[in-house]
2 protein chains.
Amino acid sequence: MSDQANLRVQRLRDAGYKLTNARLTILTILEQHGGHMTSADVLEEVDAVAPEIGRASVFRSLDLFTRLSLIRPTYINDSSTPTYVLLPGGHHHHIICTNCDRVIEFEDCHLEKLEHELEQKFRVRLTGHLLEFYGLCDNCAARQPD
Amino acid sequence: MSDQANLRVQRLRDAGYKLTNARLTILTILEQHGGHMTSADVLEEVDAVAPEIGRASVFRSLDLFTRLSLIRPTYINDSSTPTYVLLPGGHHHHIICTNCDRVIEFEDCHLEKLEHELEQKFRVRLTGHLLEFYGLCDNCAARQPD
DNA sequence: TCCCTGGTGAGACATGATCTCAATTGCGGT
DNA sequence: ACCGCAATTGAGATCATGTCTCACCAGGGA
Ligand SMILES: [Zn+2]
Ligand SMILES: [Zn+2]
Ligand SMILES: [Zn+2]
Ligand SMILES: [Zn+2]
């Protein structure tokens with residue numbers, strides 16, 4: 001198990017939740033795919049790897065992980081089903097092409113300062129963030145001048 | 001009609017889409033509510049204001065507006081339906097409490113520089129962004145010391 | 001050992017979103 | 001102002017997605 005994975009398991013335990021087989025399996029699947037899975041993707045993979053796990057548990061786990069800021073659902077393409085992204089270190093950033101749905105991930109966000117300011121201003125305790133830019137990727141931009 | 005609304009209508013036209021009654025109605029509803037509406041909210045309001053507009057058109061319009069970066073679907077509470085936020089000036093920022101689902105909006109993001117860097121680095125043309133922080137609001141943080 | 005609580009799987013169920021297709025409409029061209 | 005046509009629409013069937021219920025189980029503490 002990777003360091004990141006251990007951190008996540010730790011977070012589960014610290015929050016007082018049991019590390020059950022269903023939860024570990026689903027977390028592992030998310031890790032292995034590096035995020036960006038729809039609920040359908042997760043369901044399919046769970047069914048292939050551990051068919052004894054029910055669909056309700058999959059959704060329950062995804063909700064739990066979301067509350068713990070381990071993952072975050074986002075709407076990549078059209079508005080139907082969310083895509084879950086892992087939040088290693090609490091954050092994730094990507095660019096979404098609104099024409100072809102291509103996703104480009106990037107690392108640096110320089111948001112630590114803003115995060116601090118917000119915590120003080122609103123007296124909140126922040127555990128993660130998601131930053132999405134959207135526009136046209138190089139391919140689609142070339143095709144649609146102006 | 002507000003300046004912002006005119007800008008959005010312009011964006012529709014520029015992209016080569018017709019300004020139909022359905023689209024204008026739905027856009028107006030979004031404007032009036034200042035964003036943060038679920039598809040159910042929009043459907044309900046459409047039904048109250050212009051019952052002749054069909055469900056399908058509502059979803060089609062929301063998808064179109066999303067592609068045009070006029071709005072953006074996001075996953076606020078643990079319900080499975082997206083909440084759409086308006087993107088005045090192309091961006092929107094908020095904090096979501098992962099315990100009580102409270103949403104706190106904020107204005108400043110200081111992301112212009114990063115946006116520029118990304119455009120150059122990946123040769124993309126960016127039209128907007130969404131920044132979400134997650135954590136506990138003041139209320140929930142007080143209840144869960146740690 | 002016996003509760004008690006949190007967690008689970010199966011499947012029925014309720015919403016939410018899509019599809020199809022004929023009818024209509026916005027808008028550019030005349 | 002009119003025409004012609006592709007874009008867009010509305011109704012309802014249909015499909016997909018996520019929720020609920022409930023009996024059952026595992027594990028920790030008395
Ligand atoms: Zn693209
Ligand atoms: Zn970040
Ligand atoms: Zn809260
Ligand atoms: Zn911004």
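These values consider heavy atoms only, across backbone and side chains, with no hydrogens, waters or symmetry-generated copies. Every value quoted in this text rests on a predicted model; they were computed, and no experiment measured them. Letters go in sequence order (proteins before strands), and every chain restarts at 1.
Contact annotation: A/Thr20 side-chain N/O to C/dT8 OP1/OP2 distance is under 4.0 Å. Remark: A/Arg55 is not in phosphate contact with D/dT17, judged by side-chain N or O atoms under 4.0 Å from OP1 or OP2. Checking the phosphate oxygens (OP1, OP2) of C/dA17, a side-chain nitrogen or oxygen of B/Ser39 falls inside 4.0 Å.
Of the candidate nucleotides C/dG16, C/dC27, D/dC20, C/dG16 has the atom nearest to the side chain of B/Thr81. When each of C/dG7, C/dG9, D/dT9 is scored by its nearest atom to the side-chain atoms of A/Lys18, the top-ranked nucleotide is C/dG7. Side-chain proximity of A/Ala56 to D/dT9, C/dA10, C/dA17: nearest is C/dA10. Nearest to the side chain of B/Pro82, among D/dT9, C/dT8, C/dA17, sits C/dA17.
A/Arg60 contributes a side-chain N or O that forms a donor-acceptor pair with the base of C/dG9 under 3.5 Å.
Residues B/Arg102 and B/Asp138 are paired through a salt bridge, judged by an N-O separation under 4.0 Å between the basic side chain and the carboxylate.
The interatomic distance linking A/Glu52 (CD) with C/dG7 (C1') rounds to 15 Å, in whole Å. Separating the CG atom of B/Leu64 from the C1' atom of C/dT18 is a distance of 17 Å, rounded to the nearest angstrom. Rounded to a whole Å, the CD1 atom of B/Ile26 is 12 Å from the C1' atom of D/dG10. Between the P atom of C/dT8 and the CG atom of A/Asp63 lies a distance of 13 Å, rounded to the nearest Å. Per the geometry, CG belonging to B/Leu19 stands 11 Å off P belonging to D/dT8, to the nearest Å. Rounded to whole Å, atom C1' of D/dG10 lies 14 Å from atom CZ of B/Phe59. Counting to the nearest Å, the C1' atom of C/dG7 and the CZ atom of A/Phe65 are 13 Å from each other. Rounding to whole angstrom units, CG of residue B/Leu27 and P of D/dT8 are separated by 15 Å.
In summary, the side chains of A/Asn6 and A/Gln10 do not present any donor paired with an acceptor at a separation below 3.5 Å, with no hydrogens or angles considered. With no hydrogens or angles considered, no side-chain donor-acceptor pair links B/Arg72 and A/Tyr134 at under 3.5 Å.
Nucleotides of DNA chain C nearest to B/Arg13 and A/Ser61 differ in position, and the one nearer the 5' end is that of A/Ser61. Along DNA chain C, the nucleotide nearest to B/Asn21 and the one nearest to B/Leu43 differ in position, and the one closer to the 5' end is contacted by B/Leu43.
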Distance-only check: which donor-acceptor pairs under 3.5 Å involve side-chain atoms of residues 86-98 of chain B, not counting sequence neighbours?
unit_1	atom_1	unit_2	atom_2	d
B/His91	ND1	B/His93	NE2	3.3
B/His91	ND1	B/His129	NE2	3.2
B/His92	NE2	B/His94	ND1	3.2
B/His93	ND1	B/Phe106	O	3.3
B/His93	ND1	B/Glu107	O	3.0
B/His93	NE2	B/His129	NE2	3.3
B/His94	ND1	B/His36	NE2	3.4
B/His94	NE2	B/Glu132	OE2	3.2
B/Thr98	OG1	A/Arg67	O	3.4
B/Thr98	OG1	B/Gly135	O	3.4

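In this structure, A/Arg23 is not positioned above the aromatic face of A/Tyr17 in the sense of NZ or CZ being under 6.0 Å from the six-membered ring centre and within 45° of the axis.
Within 4.0 Å (heavy atoms only), B/Ala22 reaches sugar-phosphate atoms of the nucleic acid but no base atom.
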